[in-house]
Novice: 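First, the structure itself, so that you have it in front of you.
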Amino acid sequence: MRLRVEFTTEPFDLDEAPAHAVVAREVIQSAELDAVDVGPFGNTAEGGADQVLTAVDSLLRQVLASGATRVSLQVNVIGEDPK
């Protein structure tokens with residue numbers, strides 16, 4: 001199964017990326033995911049179910065430890081893994 005995760009972390013700071021946003025970017029970019037898109041108001045990534053779920057677990061743990069007070073995320077099934 002392939003999944004797409006979309007997420008944001010808060011609180012926002014438009015002047016400088018807060019520590020939790022930097023950590024979120026590092027976690028998602030270093031994960032074994034496809035089609036990673038990191039932006040100032042939302043982030044998306046796609047990959048196999050195991051890879052996405054592992055990345056989400058790490059993301060939640062690390063951004064909360066880095067000062068995030070809210071994490072909004074959505075996970076969608078986008079298809080089956082090619083065989």
Side-chain angles (χ1 to χ4, degrees):
M1 172 184 326
R2 291 188 52 76
L3 302 175
R4 176 183 299 124
V5 61
E6 302 174 48
F7 67 92
T8 58
T9 61
E10 296 179 41
F12 295 115
D13 183 342
L14 297 178
D15 294 327
E16 183 177 338
H20 60 82
V22 173
V23 168
R25 180 175 53 229
E26 291 170 354
V27 168
I28 214 70
Q29 288 179 329
S30 67
E32 295 180 23
L33 300 172
D34 309 324
V36 173
D37 183 19
V38 177
F41 300 108
N43 309 284
T44 61
E46 297 178 7
D50 288 339
Q51 290 78 17
V52 170
L53 295 174
T54 297
V56 166
D57 176 65
S58 181
L59 175 81
L60 290 172
R61 293 175 189 278
Q62 292 187 48
V63 300
L64 292 171
S66 297
T69 58
R70 179 179 177 144
V71 180
S72 300
L73 68 89
Q74 179 173 306
V75 178
N76 295 307
V77 175
I78 58 172
E80 293 300 319
D81 270 332
K83 296 186 183 199

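Since the model is a prediction, treat every value here as computed from it, not as a measurement.
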Novice: Would you mind listing the cluster partners of Val22? Hydrophobic ones only (ILVMFWY), side-chain contacts under 4.5 Å, chaining allowed.
Specialist: none
Novice: Under a single-linkage rule joining Ile, Leu, Val, Met, Phe, Trp and Tyr whose side-chain heavy atoms are separated by less than 4.5 Å, which residues share a cluster with Val27?
Specialist: Met1, Leu3, Val5, Phe7, Val23, Ile28, Leu33, Val36, Val38, Val52, Leu53, Val56, Leu59, Leu60, Val63, Leu64, Val71, Leu73, Val75, Val77
Novice: If you look at every heavy atom in Ala19 and Ser66, which pair is closest and at what distance?
Specialist: CB-O, 3.9 Å
Novice: Hey, could you give me each pair passing salt bridge (Lys or Arg N to Asp or Glu O under 4.0 Å) that has a residue in residues 8-22? Not counting sequence neighbours.
Specialist: Glu10-Arg70
Novice: Could you pull out all residues at least two apart from Arg61 that satisfy side-chain contact (heavy atoms from CB on, under 4.5 Å)?
Specialist: Asp57
Novice: Under the side-chain hydrogen bond (donor to acceptor under 3.5 Å, both in side chains) definition, can you give me all pairs with a residue in residues 35-56, not counting sequence neighbours?
Specialist: Arg4-Glu46
Novice: Sort and list the pairs that fulfil side-chain hydrogen bond (donor to acceptor under 3.5 Å, both in side chains) and have at least one residue in residues 25-35, not counting sequence neighbours.
Specialist: Arg2-Asp34
Novice: Could you report the tightest heavy-atom contact between Ala68 and Pro11, atom names first, then the distance?
Specialist: CA-CD, 4.5 Å
